[in-house]
Amino acid sequence: MWEATIYGLVLAFGLILPLGVQNVFVFNQGAGHRKFRHALPAVITAALCDTLLIVLAVAGVSLIVLTISWLKILLFIVGALFMLYMGWSIWRSRPDLPAAGEASLPAGKQIVFALSVSLLNPHAIMDTIGVIGTSSLRFEGLDKALFAGAAVAVSWVWFLGLCWMGRLIGGMDPSRRLLRHINKLSALIVWAMAGYIVIQLF
C-alpha cells in the first residue's frame with residue numbers, strides 16, 4: 001500500500017516539475033492577478049484535466065493510444081501548432097496591462113486556455129498516458145487506486161503552489177519588469193518544446 005502511494009507521489013512530481021506550457025500558464029495567471037482567487041479557474045481546470053488524464057491512463061487507455069500510430073502523429077502535430085501559438089501569445093502579453101494580455105485573463109478565457117494547454121499538450125498527455133499509465137500496470141486493486149490518487153494529489157498541490165508562487169512574485173514586482181522578462185523566457189521555452197515535438201516527428 002505504502003509502496004504504491006510513494007511511487008505515485010515521486011513519479012508524478014518528477015513528471016510535473018519540468019517547466020512546460022501548463023506550468024507557464026498557471027504561473028502567469030497567479031502573477032498577473034491582484035488576488036489569488038481570481039486565478040483559481042486556471043488552477044482548477046488544469047488540475048481537473050490532469051486528474052482526467054491520470055484516471056484514463058490508469059484505466060488502460062494508454063495501451064490503446066500507444067498502439068495507434070496515426071493518432072500519436074496527429075496529437076504531436078496539433079500540439080506543436082498550438083504551442084507555437086501559445087508562445088506567440090505569451091511573448092506579446094503585457095503584464096502591466098492586464099486586460100490586454102495573457103497574464104490576467106477573465107475566468108472564462110482562463111478555463112478555455114487551461115483546457116487547451118492541458119489537453120492539446122502532447123508532453124502532458126504522453127506523460128500521463130504513457131508513463132503513469134504503463135507504470136500503474138504493476139499494481140492491482142487498492143494499490144492501483146492509491147497510486148492514481150497520489151499522482152492526482154501531486155497535480156492539485158503543485159498547481160495551487162505554482163499559482164501562489166506567481167502571485168508572490170507578481171506582488172513583489174509592481175513595475176512588472178520582471179514579469180515581462182519571465183514571459184519572454186517562457187515563450188522561448190514553449191517554442192523550444194514545439195521545435196522538439198517537430199523533430200520527434202521526423
Could you pull out the closest heavy-atom pair between [X] and [Y], with the gap in Å?
X: Ala107; Y: Pro41; value: CB-CG, 3.8 Å
X: Ser136; Y: Lys144; value: O-CE, 3.2 Å
X: Val26; Y: Ala42; value: CG2-O, 4.4 Å

Between Trp158 and Asn23: side-chain donor-acceptor atoms closer than 3.5 Å: yes
Mind checking the [atom1]-[atom2] spacing from [X] to [Y]? Nearest 0.5 Å is all I need.
X: Phe147; Y: Ile54; atom1: CZ; atom2: CD1; result: 8.5 Å
X: Ile111; Y: Leu48; atom1: CD1; atom2: CG; result: 9.5 Å
X: Thr51; Y: Leu56; atom1: OG1; atom2: CG; result: 10.5 Å
X: Phe36; Y: Leu168; atom1: CZ; atom2: CG; result: 9.5 Å

Applying a strict under-4.5 Å side-chain criterion to I, L, V, M, F, W and Y, I'd like to know whether [X] and [Y] cluster together.
X: Val55; Y: Leu9; result: no
X: Phe159; Y: Trp164; result: yes
X: Val24; Y: Val112; result: no
X: Val157; Y: Ile44; result: no

Ring geometry between His33 and His38 (parallel below 30°, tilted from 30 to 60°, perpendicular above 60°): perpendicular
Mutual orientation of the aromatic rings belonging to Phe113 and Phe25 [parallel < 30°, tilted 30-60°, perpendicular > 60°]: parallel
Derivation and outcome, side-chain contact (heavy atoms from CB on, under 4.5 Å), residues Leu160 and Leu40: CA-CA 8 Å; Leu160 284 168; Leu40 285 180; 4.1 Å; yes
By side-chain hydrogen bond (donor to acceptor under 3.5 Å, both in side chains) - contacts of Ser118 (at least two apart):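 By the side-chain hydrogen bond (donor to acceptor under 3.5 Å, both in side chains) rule, Ser118 matches Gln22.
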Under the ring-ring contact (aromatic ring centres under 6.0 Å, His included) test, residues paired with Trp156 that sit two or more places apart: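 With neighbours one apart ignored, the set is empty.
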Min side-chain heavy-atom separation Phe27-Cys163 under 4.5 Å: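 Side chain of Phe27 against side chain of Cys163, heavy atoms only: no contact under 4.5 Å found.
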Any side-chain heavy-atom pair of Thr45 and Gln110 under 4.5 Å: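 No, their side chains stay 4.5 Å or more apart.
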